Structure formats: structure tokens, C-alpha cells
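Before any comments, here is the structure.
These numbers come from a predicted model, not from an experiment. These numbers come from the heavy atoms of this one structure, side chains and all, not from hydrogens, waters or symmetry mates. Reminder, nothing fancy here: chain letters follow the sequence lines and each chain counts from 1.
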Amino acid sequence: MGRSTNHTKLAIASFPTSTDESVLGVFFLSFSKPESTEQREKKMLFFSYFKELVGKEVTVELKNDLAIRGTLLSVDQYLNIKLENTRVVDQDKYPHMLSVRNCFIRGSVVRYVLLPPDAVDIDILHDATRREARGN
Amino acid sequence: MATEEEIAVKEPLDLIRLSLDERIYVKLRSDRELRGKLHAYDQHLNMILGDVEEVVTSVEIDDETYEEIVRTTRRTIPYLFVRGDGVILVSPPLRTV
């Protein structure tokens, strides 16, 4: 089977004791492991990718059509984004954030992140994706 | 052995793996479509696409004639991260136009 699972394997062995009674011993051959770091890393392709992008200028387009350009300050496992030095792309259409220069964006409201061309290493992305896809 | 596992197509996500580094068509929510080269994806269908054309379709109704006007707005983006929760379907590009 290709899938790796955290089965607990049992083996039952019997062995004689000094009192002539055979004792059934139950041995655990392999324990249920907590999620290994390898398995946890498999779910974090884009988290790792965005961590590499910190410091670059990106444009985040939200699901409500608002587009914010700024420097990527930080990102987390949910792909929540912190931007600094922000400017709204179409300021006349969306005057809500004229004076906002730093913001935290919840990951779930992001539709797109427009990336700078120099921040994309295609080969590394392909390799990382193949590794992540094969592991499932 | 390793190459056999790489080629084996077991689940739908494996079909997408076959399209890595190929041009694909993505249908999104809010009547949006993307055509671009697939560079990365994950199990949520978050994706990174290159050389993307986005088509937004909107229907306007003329006040007087009440006819429906279907408008499409296009733009091209060099590199785009797409969040998976907006993705409806992924396919090889349809041969239109």
C-alpha cells in the first residue's frame, strides 16, 4: 500500500515462565506516531513560498475587488498577510483606506496575490509541487 | 519504483499534477476564468500561474430595451497566486478562438 498510516501494530507472543505458565505478552511493534514533521511540511508549500517573498512588493486582490499594493511583511500558516507601506490600487474608487499604511489581511478574503516576476523560481516551484503531490 | 509512483494517477489531484508546467484553464467563482501556465498547486487548489489572462464576465440589462448585454473584461498578469477556495474547476485549455 502506498499510503503511509500511523497504524499501531500488535504482536502477540507466548513464552514459558518459571512457574510453567505461558504468559501471553502483547508487544507493540510500532507506536502511533504523532504527525511527523515531514507530513506537516507537506501541507505548507505556499506558506514556505510566501515566507521567501517577505520584503517584496506584491498586490493583494481581495474577494470584494479591493486591490492593495504593499511590501510583504509577514505571512502565517493560514496565509494571513501583513503588508506595510500600503496603497490602494484604485484610490478614487476605494477611498476607504487612504490613510492606511500598514494592514493585516485575513487569508480567507484573498482572491489573488499578484507576484513580482523576479520572485518566481519556476523550477523550484515545480519540484516542490511534485514532491508535495507525490506524498499524498 | 519511484517513477511508477510519479506516473500513477490515483486521485483527481493527480490529474492536475499531469498539467504542471502546461497551460490550463481555471474557472473561478464570480464568473471569472483564468488561462495560464500552472507552476504550483496544493491540495486546497491554491495555485501559482504564469502568463495569465483573466476574463471577467458581467451581464448588464439595458434600462430601455431590457436586453442582456454580456460584457467580458480581460487583463493579463505575469505571475499570479490564486487562492483555492475560489476555484471551481481546472482543465486543459479549451480550443476556442
Side-chain angles (χ1 to χ4, degrees), chain A residues 1-4 39 41-50 52-53 56-65 67 69 72 75 77-81 89-90 105-136, chain B residues 1-24 26 28-34 36-56 58 73 75-88 90:
Chain A
M1 271 171 263
R3 283 192 166 277
S4 69
Q39 285 182 315
E41 271 161 29
K42 277 184 189 141
K43 304 175 189 174
M44 301 203 333
L45 206 182
F46 288 102
F47 178 30
S48 309
Y49 172 71
F50 277 117
E52 295 297 310
L53 275 190
K56 301 257 170 37
E57 176 129 328
V58 296
T59 304
V60 181
E61 185 172 312
L62 307 181
K63 292 197 163 89
N64 64 357
D65 286 340
R69 188 177 58 251
L72 186 63
V75 72
Q77 51 167 324
Y78 305 108
L79 304 185
N80 295 328
I81 291 170
V89 167
D90 196 345
I105 301 172
R106 186 182 156 93
S108 61
V109 308
V110 171
R111 184 190 289 138
Y112 305 131
V113 178
L114 284 76
L115 308 163
D118 61 338
V120 181
D121 188 326
I122 299 177
D123 299 316
I124 293 185
L125 279 174
H126 288 178
D127 284 340
T129 305
R130 284 197 198 98
R131 261 184 274 119
E132 177 134 337
R134 202 193 317 151
N136 294 337
Chain B
M1 269 310 176
T3 44
E4 270 181 46
E5 279 175 30
E6 248 181 74
I7 301 170
V9 176
K10 288 180 202 148
E11 36 177 61
L13 282 180
D14 296 331
L15 280 174
I16 303 181
R17 175 160 41 92
L18 298 176
S19 299
L20 252 186
D21 205 30
E22 307 281 342
R23 291 201 72 82
I24 53 163
V26 184
L28 300 174
R29 302 183 68 178
S30 308
D31 298 314
R32 284 161 195 265
E33 298 161 352
L34 296 173
K37 204 173 204 195
L38 179 64
H39 290 311
Y41 72 95
D42 68 4
Q43 72 270 32
H44 303 296
L45 261 43
N46 295 328
M47 292 184 279
I48 291 185
L49 302 174
D51 284 325
V52 194
E53 189 201 27
E54 181 204 33
V55 178
V56 184
S58 52
T73 316
R75 63 170 169 162
T76 48
I77 305 149
Y79 284 106
L80 190 68
F81 165 82
V82 184
R83 191 171 161 95
D85 55 13
V87 174
I88 295 176
V90 177

[X] versus chain A, heavy atoms under 4.5 Å apart: side chain, backbone, both or neither?
{"X": "B:L49", "result": "neither"}
{"X": "B:R32", "result": "side chain"}
{"X": "B:D85", "result": "side chain"}
{"X": "B:L80", "result": "both"}

Need one label for [X]: side chain, backbone, both or neither, based on atoms under 4.5 Å from any heavy atom in chain B.
{"X": "A:F46", "result": "side chain"}
{"X": "A:S108", "result": "both"}
{"X": "A:D118", "result": "neither"}

For chain B, the option from A:L125, A:V58, A:V60, A:L115 that forms the most heavy-atom pairs under 4.5 Å: A:L115
Hey, which of A:V110, A:V113, A:T59 has the most heavy atom pairs under 4.5 Å with chain B? A:V113
So [Y] and [X], do their side chains get closer than 4.5 Å, heavy atoms only?
{"X": "B:I16", "Y": "B:I24", "result": "no"}
{"X": "A:V120", "Y": "A:Y49", "result": "yes"}
{"X": "A:L79", "Y": "B:R83", "result": "yes"}

Separation of B:I48 CD1 from A:T129 OG1 (nearest 0.5 Å):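 Answer rounded to 0.5 Å: 7.5 Å.
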Could you verify whether a donor N or O on one side chain and an acceptor N or O on the other, from B:Y41 and A:E132, lie under 3.5 Å apart?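 No, A:E132 and B:Y41 have no side-chain donor paired with an acceptor closer than 3.5 Å.
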Less than 6.0 Å separating the ring centroids of B:F81 and A:F50?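 Yes: the rings meet the under 6.0 Å criterion.
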For A:G107 and A:N80, work out which heavy atoms get closest and say how close.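 Looking at all heavy atoms of both residues, the shortest contact is N-OD1, 2.6 Å.
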